[in-house]
Protein chains: 2
Amino acid sequence: MVLPNTYAERNCSLTRALEVVGERWTLLIVRDAFHGVRRFGDFATQLGIPRAVLTARLKTLVREGVLVREEDAAGLVEYKLTDRGIALWPVVRAMMHWGDESYSPAGVKRALRHDADNGLIGADNKCQICGELVPVPDIRIEAGPGFAPSAAELDPVSEAMIQPRRLLEPIVTGRAAQA
Amino acid sequence: MVLPNTYAERNCSLTRALEVVGERWTLLIVRDAFHGVRRFGDFATQLGIPRAVLTARLKTLVREGVLVREEDAAGLVEYKLTDRGIALWPVVRAMMHWGDESYSPAGVKRALRHDADNGLIGADNKCQICGELVPVPDIRIEAGPGFAPSAAELDPVSEAMIQPRRLLEPIVTGRAAQA
DNA sequence: TCGTCTCAGTTCAGTGATTGAACCAACCGT
DNA sequence: ACGGTTGGTTCAATCACTGAACTGAGACGA
């Protein structure tokens, strides 16, 4: 998504950010990565994204330093958030919050809690019990009051993603789950 | 941008948010609206967006309740942020912040200040002088250390946008400026 | 009244991106 | 040797975006 605008335009951090995470699917891939998805096939089935597009998006996310591509012990490919990727959490959080407050009258679809003391995390990213700023790996995400559970059969990855779990905790499926 | 995914997928506030503000150009339009741009022609020239796309985007933003389309005293069309639109500020802010911290080593391109006491506004949206949460209309945006001023001639709207100014304060140009 | 200007769009052919489905090459365990 | 898993690639059809020209309504001045 090249936006070849005026120089003044280029002088905008938002434009630069959107060149990286502004394309279709990209932020959903990043969100899945926060949920612990790491494998090509898991992104593909969970998001329903065409594999060719997924290839392209992963490539730019790696090039821009948001994800790293590496192989695990068994030689399977893993895409993991870098520090720069984890720094996108406030963006994902802000969008989720806006989506909830604008379009989910029954309450938030996902609640965020401080894993240590179970405190709800507010819009300021502080735990309502201990008052601390909660670092991303200590955040637990779980179904909130606005969540409507699905009756349909889910693939293993979607199944894992609706369970309460800490962010960044890897979801392990398929061959890797045997080991 | 319809994302017809699984039911579990639809159960995600991020997906819903991206359906509204996830399309190309949309968030840039919203940012311009925060800067005080209100008129069709001003969006078009400032962003360099094709007018047909601008028409489509403004239409969905109005339909989704992010902008209102109304006519001013002189009968000119104005697009203004609604409360729901203003609630997008944390999203824009988080993206700008990520863009700055990832890609602007010389410092932020735009600094945000509390207009009342001139205090810098931190990542938590609090004024570093008075400690208050600063409401959007009281935020002043101005060039930061990472801003590289342009030598080129700018259109009047871009010119106005690089001056320090409060958010939401309308930029008035053209025929409306005579009145 | 005429011509010109501003403003907010519409129209349309050309180009580029996305989609969905099929295909492919390694590798693994048996 | 074989089927399953994994991480892709390929390709035609569709869809969205682009840029430039055009339209129509109202304002303005002569």
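Chain letters run A, B, ... following the sequence lines, proteins first, then strands; residues in each count from 1. Quick caveat: nothing in here was measured; it's all calculated off a predicted structure.
When the P atom of dA25(D) is taken as reference, atom CD of Glu71(B) falls 14 Å away, rounded to whole Å. Remark: C1' of dC17(D) and CD of Glu23(A) are 13 Å apart, rounded to the nearest angstrom. Atoms CG (Leu54(A)) and C1' (dA21(C)) sit 16 Å apart, rounded to a whole Å. Separating the CZ atom of Phe43(B) from the C1' atom of dC7(C) is a distance of 15 Å, rounded to the nearest angstrom. Atom pair Ile49(B):CD1 and dT10(C):C1' shows a separation of 15 Å (rounding to whole Å applied). Here dT18(C) presents its P atom at 14 Å from CG of Leu28(A), a figure rounded to the nearest Å.
Contact annotation: Trp25(A) does not reach the phosphate of dT18(C) (side-chain N/O to OP1 or OP2, under 4.0 Å).
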What string of B, S and - do you get for nucleotides 1-8 of chain D, 5' to 3', if B is base contact, S is sugar-phosphate-only contact and - is no contact with any protein heavy atom under 4.0 Å?
-> ----BSBB
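Among residues two or more places apart in sequence or in another chain, the side chain to side chain contact (heavy atoms under 4.5 Å, CB included) test is passed with Gln128(A) by Leu120(A). Considering only residues two or more places apart in sequence or on other chains, Glu132(A) meets the salt bridge (charged side-chain N to carboxylate O under 4.0 Å, His left out) condition with none of them.
Side-chain atoms of Arg38(A) do not come within 3.5 Å of backbone N or O of Tyr79(A) as any donor-acceptor pair. No donor-acceptor pair under 3.5 Å is formed between the side chain of Ser102(A) and the backbone N or O of Gly99(A).
Within 6.0 Å of CG on Asn118(A) lie more than 12 heavy atoms contributed by other residues, nucleotides or ligands.
Using a 4.0 Å heavy-atom distance criterion, Ala56(A) is classed as making no nucleic acid contact.
In this structure, Glu64(A) pairs ionically with Arg16(A), as a charged nitrogen and a carboxylate oxygen lie closer than 4.0 Å.
Annotation: of the two residues near DNA chain D, Arg57(B) and Ala52(A), the 5′-most nearest-nucleotide partner is Ala52(A).
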